[in-house]
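A short write-up of the structure that comes next.
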There are 2 protein chains.
Amino acid sequence: MRVACVQFAPCFGDLDVNTRRIVDEIHRIEADVIVFPELATSGYLHIGPEEVARIAEPLGGPHTSQIITAAEQAGKVVVCGFAEAAVTYFNSALIAGKGLPSPLVYRKTHLFYKETLGFTSGDTGFFVTHLPHLDCNLGVMICYDWRFPESARALALKGADLIACPSNLITHVWRMAMPVRALENKVYLAVANRTGTDHNAGEDVSFNGQTAIYSYNGSVLADASATDDAVVVAEITPADTRNKAINAVNDLFGDRRVGSY
Amino acid sequence: MRVACVQFAPCFGDLDVNTRRIVDEIHRIEADVIVFPELATSGYLHIGPEEVARIAEPLGGPHTSQIITAAEQAGKVVVCGFAEAAVTYFNSALIAGKGLPSPLVYRKTHLFYKETLGFTSGDTGFFVTHLPHLDCNLGVMICYDWRFPESARALALKGADLIACPSNLITHVWRMAMPVRALENKVYLAVANRTGTDHNAGEDVSFNGQTAIYSYNGSVLADASATDDAVVVAEITPADTRNKAINAVNDLFGDRRVGSY
């Protein structure tokens, strides 16, 4: 199967423009799973509940419904970050398209910095979606979730073959750690990071691209620059992640001694 | 404080020779904490209970007592791998010397490959030792324990500032992951790996050195080659690891959402 990550700089606060672009990419890119960045419909630097309210919508709202429809029409699976209005506001990613009876949402567990002013920590936990036509078990984490080895571990222990990680990453330490998230769990990892800079309330926040798809041994299958728009594509074989044996005796999951942690 | 790791190739099965060398290094090296490799007194490739019985001794046995005495006489803290005879055989590390009321032992939690034929998985769990004169909280894991993010995590959550990791590493993936163990927990990490090759029962196993001391941001403070004897030394400030805040809002430990994993 082919997995793709889309790297771009969303227009700040312009959901119509960003959604049009996302829908176009869904139709254009030849891949089975397409991952877009965190908050791809809105841009990032919306601070506090009033600003988040202006960009948030329910799953199936006016913009996310277009993305879901495009995914279904194109016969692809899409993971795309958006600001979700539910009982409260969540920094979420929709999972929709072929093989999914209905769209799903993952709500970011670990919120970074000023996200905490406008969003609530996610209540979905980490879960895995089976995609029968791809023989793929897909899990999602978002951006700062990477900082906690527990995130990818929880997904892998629930059977994820592929972790999609919509991101708006700003520091550089993630590039050291992301391949290890793949390696330590023997899973594929698709990090769709954005580029560009958001300006708001006298503040600038820049994002460092370098979108990458990692194999389950931590190697880079495909990646992008720090600044340019890019579509990063890799062929993966999800079932190859499932045998966690590393020799005739040892098994990455079987060797865990849960009572010792 | 100064932490040192000693890299060498133990003489296979010759506890007298290896212990003499270890004792000499304890007196010679100017450091507060000195870490030796896994199974440093015996070498590695002792397969099955009969072979392990020949090299194993209780903590405080004829060879480990010399190491403990040297550590105490030299006024240093020593972490050194040895084959321990207790109720059963453990792949252990002693922790002894200045600041310790009595020597302690960590028993390797995750056993690798043919170690399982001669050793039993450790029953000590991961624990941290406070060294008052160094204002340092020291934790120990051994070699393959690195493969499980839970190991270093457990130590860091128990307050480790510095993790000593006596090792006999043979693959290369550890070099990708070790700095991330330091980074993700904001702890110092001292990996004392051996060099050389053990030959036994028609089998050769080679070890890849590259002993390294990592800072809490994952950077290499000091390291060694893959093949040569070496003493690797770094100055560290244990207390610098304790503030896990990464900005005004986020905290590496405070942000963990244990119910979500």
Side-chain angles (χ1 to χ4, degrees), chain A residues 107-117 121-127 141 144-158 170-186 217-219 246-261, chain B residues 107-117 121-127 141 144-158 170-186 217-219 246-261:
Chain A
R107 294 167 172 166
K108 187 177 183 180
T109 302
H110 307 92
L111 296 177
F112 188 74
Y113 207 39
K114 294 189 180 175
E115 294 168 32
T116 56
L117 301 177
S121 291
D123 58 358
T124 55
F126 296 97
F127 63 89
M141 62 183 190
Y144 181 57
D145 284 333
W146 78 261
R147 201 67 170 83
F148 305 85
E150 294 88 347
S151 304
R153 193 59 143 190
L155 288 169
L157 287 172
K158 288 179 178 172
I170 57 170
T171 70
H172 285 275
V173 283
W174 70 270
R175 298 193 69 225
M176 186 189 298
M178 284 291 189
V180 176
R181 298 287 170 257
L183 170 74
E184 66 199 5
N185 294 298
K186 198 180 175 185
N217 63 4
S219 65
I246 59 174
N247 58 44
V249 173
N250 291 110
D251 184 283
L252 286 187
F253 285 3
D255 289 351
R256 293 174 71 240
R257 296 196 57 218
V258 176
S260 298
Y261 311 139
Chain B
R107 294 168 171 165
K108 187 177 183 179
T109 302
H110 306 93
L111 297 177
F112 188 74
Y113 207 39
K114 295 188 180 176
E115 294 167 33
T116 55
L117 301 176
S121 290
D123 58 358
T124 55
F126 295 97
F127 62 90
M141 63 183 190
Y144 181 57
D145 284 334
W146 77 262
R147 201 67 169 81
F148 305 86
E150 294 89 347
S151 304
R153 193 60 143 190
L155 289 168
L157 288 172
K158 288 179 177 172
I170 57 170
T171 69
H172 286 275
V173 282
W174 70 270
R175 298 192 70 226
M176 186 189 298
M178 284 292 188
V180 176
R181 297 289 170 256
L183 170 73
E184 66 199 5
N185 293 298
K186 197 180 175 186
N217 63 4
S219 64
I246 58 173
N247 57 43
V249 174
N250 291 109
D251 184 284
L252 285 186
F253 285 4
D255 289 349
R256 293 175 71 241
R257 296 196 58 217
V258 177
S260 298
Y261 310 140

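Being a predicted model, the structure only gives us computed values, none of them experimental. We name chains A, B, ... by the order of the sequence lines, and we start the count at 1 in each one.
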Any side-chain heavy-atom pair from [X] and [Y] closer than 4.5 angstrom?
| X | Y | answer |
| --- | --- | --- |
| A:Val249 | B:Lys114 | no |
| A:Thr109 | B:Arg256 | no |
| A:Arg181 | B:Val180 | yes |
| B:Tyr261 | A:Leu157 | no |

inquiry  = Please find the pair of heavy atoms, one from B:Leu252 and one from A:Phe148, that lie closest to each other, and give the distance.
reply    =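 In this case the closest contact between B:Leu252 and A:Phe148 is O-CE2, 3.2 Å.
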query = Which atom names give the shortest non-hydrogen contact between B:Gly122 and A:Arg257, and what distance separates them?
reply =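 Smallest interatomic distance, heavy atoms only, reads O-NH1, 2.7 Å.
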With rounding to the nearest 0.5 Å, note down the distance linking [atom1] in [X] to [atom2] in [Y].
| X | Y | atom1 | atom2 | result |
| --- | --- | --- | --- | --- |
| B:Glu184 | A:Glu150 | CD | CD | 8.0 Å |
| A:His110 | B:Ser260 | NE2 | OG | 6.5 Å |
| B:Asp255 | A:Arg147 | CG | CZ | 10.0 Å |
| B:Arg153 | A:Arg153 | CZ | CZ | 12.0 Å |

request  = List for me each residue that meets salt bridge (Lys or Arg N to Asp or Glu O under 4.0 Å) alongside A:Arg107, sequence neighbours excluded, and say none if there are none.
outcome  =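 If we apply the salt bridge (Lys or Arg N to Asp or Glu O under 4.0 Å) test to A:Arg107, skipping adjacent residues, the hits are A:Glu84, A:Asp123.
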query = Quick one: what part of B:Ser121 sits under 4.5 Å from any heavy atom of chain A, side chain, backbone, both or neither?
reply =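 For B:Ser121, the contact with chain A is made by backbone and side chain together.
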ask   = Quick one: what part of B:Asn185 sits under 4.5 Å from any heavy atom of chain A, side chain, backbone, both or neither?
value =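 For B:Asn185, no heavy atom lies under 4.5 Å from chain A.
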inquiry  = Between A:Ala154, A:Pro149, A:Gly218, A:Gly259, who has the most heavy-atom pairs with chain B when the cutoff is under 4.5 Å?
reply    =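 Option with the greatest count: A:Pro149.
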query = So which of A:Trp146, A:Phe126, A:Phe112 has the biggest tally of heavy-atom pairs under 4.5 Å with chain B?
reply =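 Top count of heavy-atom pairs under 4.5 Å with chain B: A:Phe112.
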Donor-acceptor contact present, side-chain B:Asn250 to main-chain A:Leu111, <3.5 Å =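 Indeed, once roles are kept as given, a pair shorter than 3.5 Å links the two residues.
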request  = Tell me, out of B:Ala177, B:Ala248, B:Ser151, B:Gly125, who's got the most heavy-atom pairs with chain A below 4.5 Å.
outcome  =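 Answer, by heavy-atom pair count under 4.5 Å with chain A: B:Ala177.
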